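Presented below is the structure to which this report refers.
Below, each value reflects all heavy atoms present in this structure, side chains not excepted, and no hydrogens, waters or symmetry copies. Labels below follow one simple rule: chain letters A, B, ... track the order of the sequence lines, proteins then strands, and each chain is numbered from 1. Bear in mind that the values here come from a model prediction, so they are computed numbers and not experimental data.
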Amino acid sequence: MNTPEYDLVIIGAGPAGMSAATTASSHGLKVAILDEQTAPGGQIYRSISSPAIADESILGADYYHGRALLSAMRYAGVDYFPSSSVWTVSSELFISFSREGKSSKIQAKKLLIATGAQERPVPFLGWTLPGVMTCGAAQILLKSSGLTPAGPLVLAGSGPLLLLIAAQLNRAGVEIEAILDTTPKGRYLKSIRHLPGALRNLPLLLKGLGLLTELKRAGIRYINNAEQLKALPDDTGLLTKLQYKTDESTETLNCKTLLVHQGVVPNVQLTRALQLEHQWDELQQCWKPTLDSWGESSQTGIFVAGDSSGIAGARAAEYMGELTAQRIAQQLDKLSQETLLLQTAKTGRLLQQQQAIRPFLDAMYQPADEFLKPSDETLVCRCEEVTAGQIRSMVAQGCTGPNQTKAFSRAGMGPCQGRLCGLTVAQIIADERQVPVSEVGYYQIRTPIKPLTIGELADLAE
Amino acid sequence: MPNALPFERLPTNNAEWVTVYIEGQPVKVRQGDSAAAAVLAAGLQPSRTTVVSGSGRTPYCLMGVCFECLLQIDGVENVQGCMTPAREGMQIMSQKQARQLNDSNPSTLKPDDLKNSHIKKEGTVV
């Protein structure tokens with residue numbers, strides 16, 4: 001069987017993937033997109049080809065901007081593979097993926113990883129209870145199904161998405177009992193030195209302030225400096241109450257649904273599995289692949305763009321995708337170095353403007369310590385049910401990194417393959433050992449990065 | 001079956017509606033809903049119990065990352081509900097702890113195979 005060959009294979013059809021595909025195609029490159037979702041858009045423009053909600057004012061204009069990216073990609077004549085989970089990439093850029101229970105393989109001259117972000121794990125007591133879910137999950141339900149969470153509803157966390165989803169649910173007529181802002185005190189002061197940069201992206205800054213005003217006007221109870229979250233179950237094990245602490249007292253709220261959020265982090269599962277070089281981002285408190293200014297990784301021919309290269313948001317991802325695709329076209333002799341610089345100057349400036357606000361946002365919304373290094377009784381590995389205390393005691397017994405605690409406790413060995421505990425475990429170990437997280441490292445991620453059936457593996461037998 | 005408050009549906013754009021069976025009960029869901037969205041719409045809580053302690057869980061991230069939405073779909077266990085589009089007639093059951101070895105697929109396993117595998121508890125092969 002002949003393996004189909006492409007000039008460029010892109011993994012992920014969010015803003016970075018879509019804009020890269022369009023740009024590369026305009027230079028005459030043969031492009032394929034492998035998308036794990038059933039339709040293009042990524043998470044930010046999820047279901048943009050057929051949005052569920054009739055009333056477009058609920059999600060707002062920024063969401064529907066995705067339509068422009070989608071129609072451009074459709075005109076470009078890209079081979080789009082939906083429901084396709086990539087599970088391994090060889091050093092010769094043979095890419096193996098599963099689609100509806102069958103495995104296939106394609107080959108790329110250049111590979112662009114645009115797998116986006118995932119929500120940062122938010123460990124606290126009771127975060128595994130039925131009824132607790134992420135703000136991102138609630139937004140996905142809105143976009144693709146028009147579903148709104150069961151009440152009473154409480155939101156807790158920190159960051160722009162918390163405010164955005166609260167505003168969207170409020171516009172949809174959903175009653176919100178309270179928003180608990182866990183941003184620690186003193187963050188405004190800490191982030192203020194980054195304000196000049198943020199002012200370079202005034203529209204986004206104003207949008208954030210607008211959301212706060214919108215929520216205040218709606219009369220939603222907004223509780224600042226909430227700490228020590230504890231979700232409590234009823235007799236049947238379902239979420240029924242949220243306990244929290246403020247300066248004055250310990251309070252409880254009734255809730256059937258609790259939406260949590262502590263920002264997003266790059267999805268590094270694939271870049272890790274390919275053993276690309278990574279670095280620790282102290283301000284964003286996460287790992288990201290080490291890239292040159294065009295997005296090329298430590299392995300020649302493999303590029304990373306969008307939030308999987310470091311969190312910068314949807315617009316930045318769109319610009320990065322375009323820039324990276326231009327560079328790839330130049331490497332494949334479709335344009336000269338000179339033309340490349342000319343053609344990318346404007347987009348480069350737009351990207352810098354988007355990135356200028358990040359230090360301000362990152363300093364402001366860095367998660368509180370209780371979520372980065374949770375209390376001993378808190379589960380950190382949801383799959384294998386390992387607590388922070390167990391990790392700490394393993395460090396006391398001499399474990400120096402996440403791969404050792406994994407071997408001893410199975411933390412990181414469950415079906416999520418460490419996606420929901422990797423950051424927390426590394427940070428706990430670093431804290432106990434009093435060394436930087438970069439010294440502690442991360443799980444050794446191995447392929448397949450998604451569960452496979454034996455049948456899917458057998459498909460590839462020659 | 002459903003024992004908790006369901007998620008509610010806003011007015012949506014036109015689309016096909018399909019009937020799925022959640023723990024045997026028919027539930028109408030919108031084309032484009034995932035199996036995980038369907039169990040939330042039906043109020044099935046918990047939708048799985050954990051392998052280690054048997055504690056209840058429901059979908060958490062809905063973007064293919066957390067694996068909390070594992071369900072039994074059309075007889076296949078441990079399927080990621082959020083990555084599986086709902087289809088007419090789909091049979092969705094909650095995932096009870098580890099995958100069970102059942103005799104619905106006897107051709108793949110002979111009695112001798114069982115002797116050689118590591119049996120954690122009756123009926124479960126790991």
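In this structure, the portion of B:Met83 lying under 4.5 Å from any heavy atom of chain A is its side chain and not its backbone. Heavy atoms closer than 4.5 Å to chain B are found in the side chain of A:Leu420, but not in its backbone. In this structure, the portion of B:Gln80 lying under 4.5 Å from any heavy atom of chain A is its side chain and not its backbone. For A:Val386, no part lies near chain B; criterion is any non-hydrogen pair under 4.5 Å. Interface residue A:Ile140: only side-chain heavy atoms are found under 4.5 Å from chain B. When heavy atoms are compared at a cutoff of 4.5 Å, A:Leu379 approaches chain B solely by way of its side chain, counted from C-beta outward. Contacts of A:Pro121 with chain B are absent, with no heavy-atom separation under 4.5 Å from either backbone or side chain. Within the 4.5 angstrom heavy-atom criterion, only side-chain atoms of A:Arg46, from C-beta onward, approach chain B. Residue contact with chain A, scored on non-hydrogen atoms closer than 4.5 Å, involves the backbone and the side chain of B:Arg9 alike. Using a 4.5 Å cut-off between heavy atoms, B:Ala37 touches chain A through backbone and side chain atoms alike. Contacts between A:Val174 and chain B at a heavy-atom distance below 4.5 Å are absent for every atom of the residue.
Contact check for A:Leu142 versus B:Leu10: side-chain heavy atoms found under the 4.5 Å cut-off. Counting heavy atoms from C-beta outward, A:Leu141 and B:Leu40 have side chains that approach closer than 4.5 Å. Looking only at side-chain heavy atoms (C-beta outward), A:Pro451 and B:Phe67 come within less than 4.5 Å of each other. Taking 4.5 Å as the limit, every side-chain heavy atom of B:Glu68 sits out of range of all side-chain heavy atoms of A:Met133.
With a 6.0 Å radius and a threshold of 12 heavy atoms from other residues, nucleotides or ligands, A:Tyr64 has its OH atom above the threshold. Heavy-atom neighbours of A:Glu175 CD from other residues, nucleotides or ligands within 6.0 Å: at or below the threshold of 12.
Highest contact tally toward chain B, considering only A:Pro51, A:Ala39, A:Ser50, is held by A:Pro51 [criterion: heavy-atom pairs under 4.5 Å]. The most heavy-atom pairs under 4.5 Å with chain B, out of A:Gly131, A:Cys383, A:Ala138, come from A:Gly131. Ranked by heavy-atom pairs shorter than 4.5 Å toward chain B, the options A:Pro233, A:Pro149, A:Ala172 are led by A:Pro149. Taking A:Thr128, A:Thr38, A:Val260 one by one and counting their heavy-atom pairs under 4.5 Å with chain B, the maximum is reached by A:Thr128. Comparing A:Glu119, A:Arg382, A:Glu384 by heavy-atom pairs within less than 4.5 Å of chain B, the highest count is held by A:Arg382.
Remark: side-chain polar atoms of A:Lys256 are not paired, donor with acceptor, to backbone N or O of B:Pro6 under 3.5 angstrom. Checking side-chain atoms of A:Thr148 against main-chain N and O of B:Glu8 turns up a donor-acceptor pair under 3.5 Å.
If you take SG on B:Cys66 and CZ on A:Arg419, they are separated by 10.5 Å, rounding to the nearest 0.5 Å. A distance of 11.5 Å separates OH in B:Tyr60 from CG in A:Leu129, rounded to the nearest 0.5 Å. Within the model, atoms OG1 of A:Thr453 and CG of B:Asn78 stand 12.5 Å from one another, a figure rounded to the nearest 0.5 Å. Taken from CG in B:Leu62 to CD in A:Gln43, the straight-line distance is 9.0 Å, to the nearest 0.5 Å.
In terms of heavy-atom proximity, B:Leu70 sits nearest to A:Pro415 at CD1-CG, 4.3 Å. Shown here for A:Pro130 and B:Gln45, the closest heavy-atom pair between the two residues is C-NE2, 3.6 Å.
If you check the side chains of A:Glu385 and B:Ser53, you find a donor sitting under 3.5 Å from an acceptor.
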